[in-house]
Amino acid sequence: MPPPNSLLLLAVLLAASPHALAQQPPAAAACTPQERDALLAFKQGITISSDAAGLLASWRRKEDCCRWRGVRCSNRTGHVVALNLRGQELAGEISPSLLSLPHLEHLDLSSNSLVGPAGSIPEFLGSLRNLRCLNLSGMPFSGEVPPHLGNLSKLHYLDLSSYANVYSEDLSWLTRLPLLRFLSLIFVDLSMVSDWAHAVNALPLRSLHLEGCSLKSANQSLPHSNLTTTLEVLNLGVNKFDQPVASCWFWNLTRLKRLYLDYNNGGLYGPFPDALGGMVSLQELSFSAGRNTMSMASAHLKNLCNLRFLYLDNCFSNGFEAERLPQCSSSSNKLQELRLSGNQLTGPLADWMGHRTSLVILDLGFNKITGPIPEVIGRFTDLKALYLFGNHLTGHVPPEIRNLANLTWLDLSENHLNGLITEQHLHGLKSLQHVILSHNQLEIVVDSEWVPPFRLQEARFASCQMGPLFPAWLKWQVDLTHLDISSTRITDRFPDWFSSSFSKVTYLDISNNRISGALPKNMGNMSLGALYSSSNNISGRIPQLPRNLGTLDI
Ligand SMILES: *[C@@H]1O[C@H](CO)[C@@H](O)[C@H](O)[C@H]1NC(C)=O
Ligand SMILES: *[C@@H]1O[C@H](CO)[C@@H](O)[C@H](O)[C@H]1NC(C)=O
Ligand SMILES: *[C@@H]1O[C@H](CO)[C@@H](O)[C@H](O)[C@H]1NC(C)=O
Ligand SMILES: *[C@@H]1O[C@H](CO)[C@@H](O)[C@H](O)[C@H]1NC(C)=O
Ligand SMILES: *[C@@H]1O[C@H](CO)[C@@H](O)[C@H](O)[C@H]1NC(C)=O
Ligand SMILES: *[C@@H]1O[C@H](CO)[C@@H](O)[C@H](O)[C@H]1NC(C)=O
Ligand SMILES: *[C@@H]1O[C@H](CO)[C@@H](O)[C@H](O)[C@H]1NC(C)=O
Ligand SMILES: *[C@@H]1O[C@H](CO)[C@@H](O)[C@H](O)[C@H]1NC(C)=O
Ligand SMILES: *[C@@H]1O[C@H](CO)[C@@H](O)[C@H](O)[C@H]1NC(C)=O
């Protein structure tokens, strides 16, 4: 078995664009007339071609077909070995003339609108005995996957990801592909195949993608197999598993690097198995956005120091302790994204942050986490997104937060934070685009001359103290699309820059202040879709309102 690196290289070579293939040096041997005619017959089957890249225009009878774009020949024999027409916006039928290319090893027709007879995946593809890579992803096939593909005994890569009506009732043909490393059947309906796990278990797969296959169970008990030691990537997202999570068959896959089970519509439940703690190769683990109600129980992730992405949001109804997260020294810790929202987590925020200064995304929203935001936050300088909304955080926001130069999202809303937010906090946040501080007891105090270093798109400060003057620094926030300064104790008049600075704002809530005077006259050319301005002291005539305004509460 080749080491992972050479496999990667192979994948890169196989994925080479038609362009790259076209720039091959002149072939030593020219293509045979039979193969040239087969390709021209294939071209005949294409009824529509936007041919933006002019690819098929290069397919001219008089020229050596080895030099046609998308075609590659063996430089020894002159036989066509690769046909790569990925994403050429071709429509029509896949001609059986391909059978006259018996030396074909690589066939990529992906992302075109080509189909076989009656819209199906053509059975005759199963006769291209030398194929090592077959990519038919993103094509509008319907009907059953032909078991004839099981005749392709040299296949290493098979990609049948579909977004149409393809199904299979029996996957036993897979077991005749002893070299298969990569298999993707994304959105192929496999709801009739109960022994799918047995079929894939027989293969030496590195990478298996079965998202959206309408699978109902993953609790098959499997004999030890090559898969146990080969599989590195397993994606079973968007299926319907409804069973104890510990009964899933994949917990013994010791080589697994990436495991995804997002959007599980069934609902996995019960404790994670202790075996999880031993999966030290794991780099990405994701059970997001499903209907799961699991518990960590005695399982832990302490030793999983290779983890880069850990997504376990909305998984647990009883939380778990922060000690169960990877406990790695700062130098060996690789965690970049930690998403644990909606899990009833408790305990101080400092414990959940730990020394994980490599974090880029930290999402602990909708939990019951307590304590202050620790000053150590200033050392998490890689952070791009910090979501702590909907917790029980208390105390001041430490000024050290200014060190987070790459932070684009900051959401501290719906906590019990108090104290001041000043220029001291904000002046280093150069990348900030979304700031959400609503529903705390925070006071935002900045100099009226202050020019912020950021250009916000979203600013929500509901119930923060910002008044009595209309916050002058907002004048510079000309990219805002969402602005909520409701209940911020502003008792001022509308500033004259209101309509121009906020010209891109589509959602605006200024309600529950004491803003006085008339609405700005030139509101007509703002982009507002929703305007909430009730409970103020606004007087005078209503000016021309923005054309797109759908919601108006005055
Ligand atoms: C044939 O191609 C291979 C790899 O594509 C290359 O290493 C070799 O030098 C080529 N031989 C000739 C005669 O062009
Ligand atoms: C198949 O082609 C699609 C694009 O059309 C690509 O995203 C996918 O990675 C390819 N599969 C393999 C195995 O190369
Ligand atoms: C290919 O496979 C199909 C179905 O699995 C089978 O009926 C057929 O005989 C095979 N064809 C060849 C040429 O082996
Ligand atoms: C797998 O789970 C289903 C329910 O989803 C159950 O009926 C079946 O007995 C389980 N099989 C095994 C082997 O545990
Ligand atoms: C998987 O591990 C469990 C113990 O964790 C063991 O009972 C089972 O036999 C193993 N299965 C395989 C296929 O190795
Ligand atoms: C499993 O791997 C061994 C050696 O790596 C090989 O000899 C054997 O044929 C494989 N079995 C299957 C079912 O692929
Ligand atoms: C911010 O991100 C850039 C690249 O995205 C990186 O080069 C830089 O080191 C980061 N800055 C900090 C303070 O982490
Ligand atoms: C908006 O309208 C005012 C007058 O109603 C005008 O002076 C101003 O130039 C307009 N701005 C834009 C961006 O169209
Ligand atoms: C409301 O605005 C008017 C002027 O438009 C002012 O005289 C009055 O004092 C304001 N009332 C309050 C409660 O701010």
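If you're wondering where the values come from, they're calculated on a predicted model, not measured in any experiment. Here, residue 1 is the first one in the sequence, and each next residue gets the next number.
Relative to the six-membered ring of Tyr507, Arg460 meets both conditions, a distance below 6.0 Å and an angle of at most 45° to the axis.
A 4.5 Å side-chain heavy-atom check between Gln465 and Leu442 finds every atom pair outside the cut-off. At a threshold of 4.5 Å between non-hydrogen side-chain atoms, the residues Met353 and Val376 count as touching. Proximity of Leu253 to Leu234: side-chain heavy atoms (C-beta onward) are separated by under 4.5 Å at one or more points. The side-chain heavy atoms of Trp352 and Leu362, taken from C-beta on, include no pair separated by under 4.5 Å. The side-chain heavy atoms of Leu383 and Val360, taken from C-beta on, include no pair separated by under 4.5 Å. Residues Thr408 and Leu432 fail the side-chain proximity criterion, which asks for heavy atoms closer than 4.5 Å.
Taking the six-membered ring where the residue is Trp, His209 and Phe182 present tilted rings, their angle falling between 30° and 60°. A parallel orientation is assigned to the rings of His392 and His416, their planes being inclined by less than 30° (bins at 30° and 60°).
A donor-acceptor pair is defined here as one N or O able to donate and one able to accept, closer than 3.5 Å; such a pair exists between the side chain of Asn513 and the backbone of Arg489. Here the side chain of Ser358 pairs a donor or acceptor atom with the backbone of Leu335 at under 3.5 angstrom. At least one donor-acceptor pair closer than 3.5 Å links the side chain of Thr506 to the backbone N or O of Thr481. Checking side-chain atoms of Gln477 against main-chain N and O of Phe454 turns up a donor-acceptor pair under 3.5 Å. The closest donor-acceptor contact from the side chain of Ser438 to the backbone of Ala462 lies under 3.5 Å. Asn512 places no side-chain N or O within 3.5 Å of a backbone atom of Ser487 that could act as its donor or acceptor partner. For Asn112 (side chain) and Ser110 (main-chain N/O), a donor-acceptor pair under 3.5 Å exists by modelled atom type. Under a 3.5 Å cut-off, the side chain of Asn264 and the backbone N or O of Phe241 do form a donor-acceptor pair. In this structure, the side chain of Asn391 does not engage the main chain of Asn415 through any donor-acceptor pair within 3.5 Å. In terms of modelled atom types and a separation under 3.5 Å, the side chain of Asn292 and the main chain of Leu268 share a donor-acceptor contact.
Of all the heavy atoms in Pro453 and His427, the pair that sits closest is CG-O, 3.2 Å.
Applying the disulfide bond (SG atoms under 2.5 Å apart) test to every pair with at least one member in residues 319-392, sequence neighbours left out, gives these pairs: Cys305-Cys328.
Heavy atoms of other residues, nucleotides or ligands lying less than 6.0 angstrom from CG of Asn318 number 12 at most. Within a 6.0 Å sphere centred on CH2 of Trp409, heavy atoms belonging to other residues, nucleotides or ligands number more than 12.
Aromatic rings of Phe272 and Phe287 (six-membered ring for Trp) have centroids within the 6.0 Å cut-off, being under it.
Ion pair Arg308/Glu284 flagged as a salt bridge, since at least one NZ, NE, NH1 or NH2 atom sits closer than 4.0 Å to an Asp/Glu carboxylate oxygen.
A side-chain hydrogen bond (donor to acceptor under 3.5 Å, both in side chains) with Glu232 holds for exactly one of Arg181, Arg206, Arg255; it is Arg255.
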Under the salt bridge (charged side-chain N to carboxylate O under 4.0 Å, His left out) criterion, do Arg339 and Asp313 qualify, and how do the steps go?
CA-CA 6 Å; Arg339 296 183 187 262; Asp313 40 282; 5.7 Å; no
Would Phe470 and Trp497 satisfy ring pair (Phe, Tyr, Trp, His ring centres under 6.0 Å), going step by step from the backbone distance to the final call?
CA-CA 11 Å; Phe470 201 99; Trp497 45 264; 5.7 Å; yes
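One distance of note links CZ of Phe461 with CG of Leu474; it measures 6.5 Å at 0.5 Å rounding. Summarising the geometry, atom CG belonging to Asp108 is positioned 4.5 Å from atom CG belonging to Asn84; distances are rounded to the nearest 0.5 Å. Of the inter-residue distances, the one linking Ser501 atom OG with Trp476 atom CH2 reads 8.0 Å to the nearest 0.5 angstrom. Note: Gln441 CD to Thr394 OG1 = 10.5 Å, rounded to the nearest 0.5 Å.
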